[in-house]
Amino acid sequence: MKYPIVKPFLPKNHDYTARVNAIFERNWLTNNGPCLQQLEQQLAEYLNVEHLLLVANGTLALQVAFATLDISAKNKAMALTTPFSFAATASSLCFAGIIPEFIDIDPATYNINIANASEEQLNRASAIVGVHVFGNPCDVANIEQVANKHNLKVIYDAAHAFASNLNGQSVLQHGDAATLSLHATKLFHSVEGGAVIFKHKADYLKAKQLINFGFNAQQFPEFVGINAKMSEMHAAMGLCVLEHIEHITSWRCKLAKRYTELLEPVKALQLQAWHEGGGNNGAYMPVVFESQDTLLKVQAALSNAGVQTRRYFYPSLSKVPAYGMHGNTPIANSISERVLCLPMFTDLTLEGVDEICNHLITALKTLQ
Ligand SMILES: Cc1ncc(COP(=O)(O)O)c(C=O)c1O
């Protein structure tokens with residue numbers, strides 16, 4: 001494909017090799033090594049957050065957040081969450097024995113609309129698990145208000161929200177916990193990796209113990225833990241990529257702006273509306289068609305032209321039997337059937353965006 005849907009950002013080979021050589025010299029490969037400590041500190045500074053804990057991936061980040069906040073099968077927990085997300089949002093809940101109950105989304109922002117949750121659901125729930133979909137901040141003020149009223153924990157799956165700001169501050173500052181995925185395809189990555197940002201230091205300290213089997217300072221497993229540690233090799237990649245983060249974020253924002261300028265006038269397409277006070281972080285480029293039929297035809301035409309696209313997120317998680325199918329979510333079901341993500345990666349050029357948009361617009365015209 002001339003234009004893949006994503007292309008992981010790679011630093012210079014010799015920059016990574018130099019860090020790996022230092023790891024070989026130290027022979028300290030994992031368990032809170034120097035690269036991990038440095039990456040945690042630099043990321044916390046860059047994102048302007050406190051209590052940031054690195055973990056092995058974004059799915060474990062969610063599981064660690066739930067366990068740390070005592071949302072578990074043991075407490076017969078049910079969480080209100082969005083059906084418009086990647087499988088991991090729901091599967092991490094199910095894996096922990098927490099029942100996901102799906103609440104419909106806002107048709108413009110594609111984020112959970114907590115006003116769609118009934119009093120009965122809010123009274124039964126233990127937590128709200130929102131997703132800042134495609135990096136777009138959730139309505140955090142409203143969610144916080146509802147959560148406070150009903151004594152619910154709030155966890156944000158912020159897998160897409162690296163460098164996403166709300167009113168000039170990182171959106172990761174919101175929630176009892178916010179989780180990142182640092183997977184190779186993400187805006188910032190460490191090959192595989194994740195992070196949890198906790199509101200409270202006590203939760204951060206508990207999670208630090210939890211990701212290392214629950215061991216205390218005497219190496220005694222004080223409570224049930226898991227192995228969710230990030231290795232030095234992964235942290236070294238994170239450090240290399242972080243050196244380029246200004247270029248990555250500013251360039252991807254330019255790409256998103258160009259896509260928006262070219263596609264906004266196209267009547268047959270709907271673009272995601274950004275939450276007031278939030279700005280597009282250039283993580284993804286979703287477009288919504290008028291029908292699934294149009295989507296499938298355009299997707300085939302783009303593929304023939306060398307443009308790879310992805311039905312992200314399809315199907316709606318509320319239609320997946322394995323996740324329990326609790327909740328009535330017609331808006332999310334409809335958008336899931338009609339949404340397509342276009343290529344978005346740091347190596348993409350503005351000319352590339354122009355070419356992709358030309359192919360897309362031509363395909364739409366051919367269908368008229
Ligand atoms: C919304 C969302 N949550 C969680 C994850 C899981 O992250 P990871 O692949 O690092 O486990 C992803 C991955 O793409 C995601 O898109």
Side-chain angles (χ1 to χ4, degrees), residues 44 46-52 61-62 65-66 68-69 71 77-85 89 93 100-181 195-204 253 256 271-284 286 327 329 331-332 335:
Y46 177 74
L47 297 166
N48 193 22
V49 292
E50 286 186 303
H51 318 316
L52 180 148
L62 285 163
F66 303 148
T68 303
L69 298 170
I71 306 158
M78 176 274 269
L80 301 174
T81 190
T82 172
F84 190 66
S85 184
T89 309
L93 285 165
E101 201 149 309
F102 298 103
I103 302 299
D104 215 353
I105 59 171
D106 180 276
T109 66
Y110 314 151
N111 281 326
I112 189 168
N113 181 358
I114 203 62
N116 288 327
S118 68
E119 277 299 297
E120 189 274 326
Q121 284 176 309
L122 289 163
N123 289 335
R124 248 187 318 116
S126 304
I128 299 172
V129 179
V131 179
H132 302 304
V133 171
F134 303 131
N136 191 12
C138 285
D139 189 353
V140 291
N142 209 7
I143 290 175
E144 193 176 309
Q145 200 183 31
V146 170
N148 285 344
K149 185 171 166 211
H150 294 270
N151 197 20
L152 306 177
K153 299 279 186 199
V154 179
I155 296 97
Y156 287 113
D157 179 343
H160 305 166
F162 193 91
S164 262
N165 287 333
L166 184 60
N167 301 324
Q169 297 290 325
S170 170
V171 74
L172 302 169
Q173 294 180 354
H174 295 277
D176 295 290
T179 64
L180 284 171
S181 164
V196 194
I197 294 96
F198 288 100
K199 181 181 276 175
H200 302 293
K201 188 172 181 189
D203 291 330
Y204 162 81
C253 285
L271 300 189
Q272 186 180 25
W274 281 74
H275 189 281
E276 211 188 312
N280 193 329
N281 66 343
Y284 295 89
T329 63
I331 300 170
I335 288 179

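Values in this document were obtained by computation on a predicted structure and should not be read as measured data.
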Considering only heavy atoms from C-beta outward, does the side chain of [X] approach that of [Y] to under 4.5 Å?
X	Y	answer
Asn116	Thr329	no
Leu152	Ser126	no
Glu119	Lys149	yes
Ile114	Asp139	no
Asn136	Tyr110	no
Phe102	Thr81	yes
Leu166	His275	yes
Leu180	Leu47	yes

Let me confirm one number: the [atom1]-[atom2] distance from [X] to [Y], rounded to the nearest 0.5 Å.
X	Y	atom1	atom2	answer
Leu172	Asn48	CG	CG	10.5 Å
Thr82	Asn113	OG1	CG	10.5 Å
Phe84	Thr109	CZ	OG1	10.0 Å
Ile128	Ile103	CD1	CD1	9.0 Å
Glu144	Cys138	CD	SG	12.5 Å
Glu50	His200	CD	NE2	12.0 Å

Counting only heavy atoms not in Asn123, do more than 12 sit closer than 6.0 Å to its CG atom?
->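 Atom CG in Asn123 is packed in, count exceeds 12.
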Would you please test Ser164 and Asn281 for side chain to side chain donor-acceptor pair (under 3.5 Å) and show each step?
-> CA-CA 6 Å; Ser164 262; Asn281 66 343; 3.3 Å; yes
Kindly indicate, with the supporting measurements, whether the criterion side chain to side chain contact (heavy atoms under 4.5 Å, CB included) is fulfilled by Ile105 and Val133.
-> CA-CA 10 Å; Ile105 59 171; Val133 171; over 6 Å; no
Centroid-centroid distance, Tyr204 to Phe198, less than 6.0 Å = no
Quick one: do Ile155 and Ile71 satisfy side chain to side chain contact (heavy atoms under 4.5 Å, CB included)? Show the steps, please.
-> CA-CA 10 Å; Ile155 296 97; Ile71 306 158; 3.4 Å; yes
Residue pair [X] / [Y]: nearest heavy atoms and the distance that separates them:
X	Y	answer
Asp157	Ser85	OD2-OG, 4.5 Å
Gly282	Ala256	CA-CB, 4.1 Å
Phe134	Trp274	O-CH2, 3.6 Å

Check whether [X] reaches the backbone of [Y] with its side chain - one donor and one acceptor, N or O, closer than 3.5 Å.
X	Y	result
Asp176	Val154	yes
Glu101	Ala79	no
Asp203	Leu69	no
Asp104	Ala332	yes

Show your reasoning for whether side chain to side chain contact (heavy atoms under 4.5 Å, CB included) applies to Tyr156 and Val171.
-> CA-CA 9 Å; Tyr156 287 113; Val171 74; over 6 Å; no
Could you give me the CA-CA distance, side-chain angles and deciding distance for Asn111 and His132, then say whether side chain to side chain donor-acceptor pair (under 3.5 Å) is met?
-> CA-CA 7 Å; Asn111 281 326; His132 302 304; 5.5 Å; no
